[in-house]
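Structure first, commentary second.
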Amino acid sequence: LDEVCGDEALMPLFALPFVQRPHAQSNVCGVFKAKWLQDLRRDVEAALRSQHPQIPLLYDLLEPQHGGLTGQTEESAWRGAWAELLRVADFSLDAATMLAHGIPIS
C-alpha cells in the first residue's frame, strides 16, 4: 500500500465502502465533515496551481470567493459566476462568427 499512496493514514479510507455507518467511526468520521472537504479542495487547488502550465484564470470565476463575488449569498454568487461564463462564451461565439465571415476583430 505504501507504494500506491505513500501514507498509512489513508489506509482507512480504502475500507470506506465496506464499513457500516462510516460517519460514526472515529478513524474516518472526519471525511464526512465540511472542513475535510474544504481542506481537500484547498490542497488539490494548491497542487494544481503549482503545476505548469497553470490553470487558466477563467476557472477563478467558478469560485465565488476568488472571483470577486464576496458578500453575496452562495447561490447568487454561483449564478453570477455562471452568468459571466456564459457572457464570455457568447462573446467568443460572436468573435468566431465575425472571423468566419471575414470581418476583422479589433
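Note that the numbering runs from 1 along the sequence shown for the chain. This structure is a prediction, so every number in the text was calculated from the model and none was measured.
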**Report entry** Apart from Met98 itself, residues in the same hydrophobic cluster as defined by side-chain heavy atoms under 4.5 Å
**Finding:** Leu99, Ile103, Ile105
Report summary line: Taking every heavy atom of Leu16 against every heavy atom of Pro22, the minimum-distance pair comes out as CD2-CB, 3.6 Å
Query raised in the report: Tell me, which pairs form a side chain to side chain donor-acceptor pair (under 3.5 Å) where one or both residues lie in residues 11-31, sequence neighbours left out?
Result: none
Anything under 3.5 Å between a donor and an acceptor, one on a side chain of residues 33-40, the other on a protein residue two or more places apart or in another chain? List them.
unit_1, atom_1, unit_2, atom_2, d
Lys35, NZ, Asp39, OD2, 2.7
Asp39, OD1, Arg42, NH1, 3.1

Query raised in the report: Do Phe18 and Phe32 belong to the same hydrophobic cluster, where Ile, Leu, Val, Met, Phe, Trp and Tyr are linked whenever their side-chain heavy atoms lie under 4.5 Å apart, directly or via other members?
Result: no
